[in-house]
Amino acid sequence: MYSIPEDAMTGTAEMLFDFIAECISDFLASQDLKHKKLPLGFTFSFPVRHEDIDKGILLNWTKGFTASGAEGNNVVDLLRDAIKRRGDFEMDVVAMVNDTVATMVSCHYEDHRCEVGMIVGTGCNACYMEEMSRVELVEGEGEGGRMCVNTEWGAFGDSGELEDFRLEYDRKVDEASLNPGQQLPKPVKPTVPHCRPNPTPCSPHRYEKLISGKYLGEQVRLVLLKLANEKLLFGGEVSEQLQTRGSFDTCFVSQIEGDSGDRKQIYNILWKLGLRPSALDCDIVRLACEGVSTRAARLCGAGLAAIIDCMREHRGQGELEITVGVDGSVYKLHPCFKDKFHKTVRDLAPRCDITFIQSEEGSGRGAALISAVASKMAS
Ligand code: BGC
């Protein structure tokens, strides 16, 4: 596991892909594999126009990434170029996949009824197996079989569909984000070879901003700030930290809701944020966290129920038995998200019998499985 430093996320595409190549080199060295030219599967968790199994044009960054010179270009080439620039190892990049797809594939390996993949982590997205006859964009439409569709549902709402649900906090979160939504997405022309400078038209990813871990903590901070400014919390005292964007980490939401009832965890977190809460303040903060995470779980559950019920209809079945592979920190680490989310999906898709399986390292293992198949087919 390597975490991507902030300057690589927000610098240039070269900086970002050089960092990725450096991590691969380091990993190969640690496994004593540097001399081998291995097939590589590249999980790239952003919206792309997939033109081939090893070709994806980045449409727009999400989740706070802004590296310039990547949007509009083939990210597999960006990786290949970075590997060439280093020159200390060779790799055959055979496939590029979204993390939802990799998750679905790795879970399918264990449970063949798994035909949906979902991530609720820093970002949020889902993919599913659609009837080929319904896929209009590729040759073979009208034929039998199924094809995986990456919905990129994080961008749902970008044409105004969620306006009835968005609150003042959501608008603030969007405006302050690195991928704000003043503009609607336009198709981006590929301009390989790179680099095209930012700014580019970007997708605000409004649905994702209501649900995913990148934004939940910030939503809570804005709620608390408003309550404190209205003298309904902390005796009206607002610390500098609470006024600082990004100071309320999403993991605090999990920790606060995971408090055993003695408020110790809640006190600790609020003290570190320079606040001096009363017992009632702690209870109110917990309620704010519950409000934000419950809304996220229900909105996300509504999205998945819509997809699954649609699959049932497209298959012409009265009842559908299906497994969903899920990954992501919010789903796995938040103490109540999962249960509320499952309940919502089951309530809203009553004709479907749904099993959820938690994926372990699915986005890496799924990409490896896909690459193994792709390189076998090519040879
Ligand atoms: C990206 C998706 C990705 C999701 C989960 C979103 O921001 O657009 O491609 O699957 O995050 O990582």
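Because only heavy atoms are used, hydrogens play no part in the values below, and waters and symmetry mates are left out as well, while side chains stay in. Indexing begins at 1, ligand by ligand and atom by atom, following the structure's order.
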Protein residue, atom and distance nearest to [atom], heavy-atom basis:
atom: atom 3 (C) of ligand 1; result: Asp99 OD1, 3.4 Å
atom: atom 4 (C) of ligand 1; result: Asn125 CB, 3.6 Å
atom: atom 1 (C) of ligand 1; result: Ser45 O, 3.4 Å
atom: atom 11 (O) of ligand 1; result: Lys63 NZ, 3.1 Å

(message) With a 3.5 Å distance limit and no angle check, can you tell me whether Asp174 reaches the backbone of Asp170 through a side-chain donor-acceptor pair?
(response)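 Not at all, since once roles are kept as given, no pair shorter than 3.5 Å links the two residues.
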
Could you list which atoms of ligand 1 come closer than 4.0 Å to a heavy atom of [X]?
X: Pro47; result: 8 (O), 9 (O)
X: His205; result: 8 (O)
X: Cys124; result: 4 (C), 5 (C), 11 (O)
X: Thr62; result: 1 (C), 6 (C), 7 (O), 8 (O)
X: Gly123; result: 5 (C), 11 (O)
X: Glu152; result: 1 (C), 2 (C), 8 (O), 9 (O)

Taking 4.0 angstrom as the limit, do [X] and [Y] come out as a salt bridge?
X: Asp54; Y: Arg80; answer: yes
X: Arg166; Y: Glu163; answer: yes
X: Glu290; Y: Arg286; answer: yes
X: Asp347; Y: Lys343; answer: yes

(message) Heavy atoms only, cut-off 4.0 Å: how does Ala155 contact ligand 1, side chain, backbone, both, or neither?
(response)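 For Ala155, no heavy atom sits under 4.0 Å from ligand 1.
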
(message) Would you call the rings of Phe44 and Phe46 parallel, tilted or perpendicular, taking 30° and 60° as the class edges?
(response)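 Geometry flag for Phe46 against Phe44: tilted rings.
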
(message) Parallel, tilted or perpendicular, judged at 30° and 60°: which one describes the rings of Phe356 and Tyr331?
(response)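 It falls in the tilted class, 30° to 60°.
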
(request) Examine Glu208 against ligand 1 and note whether any of their N/O atoms are separated by less than 3.5 Å. (result)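 It does: an N or O of Glu208 is found under 3.5 Å from an N or O of ligand 1.
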
(message) Does ligand 1 come near enough to Asn150 that some N or O of the ligand is less than 3.5 Å from an N or O of the residue?
(response)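 By distance alone, the answer is no.
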
(message) Between ligand 1 and Gly121, can you find any atom pair, the residue atom being a heavy atom, that is separated by under 4.0 Å?
(response)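 No, that is not the case, since the closest heavy atom of the residue is not under 4.0 Å from the ligand.
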
(request) Any chance you could measure Met104, atom CE, to Met129, atom CE, to the nearest 0.5 Å? (result)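 Reported to 0.5 Å precision, the distance equals 5.0 Å.
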
(message) For Met9, is the CE atom crowded, meaning more than 12 foreign heavy atoms sit under 6.0 Å from it?
(response)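 More than 12 within 6.0 Å, yes.
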
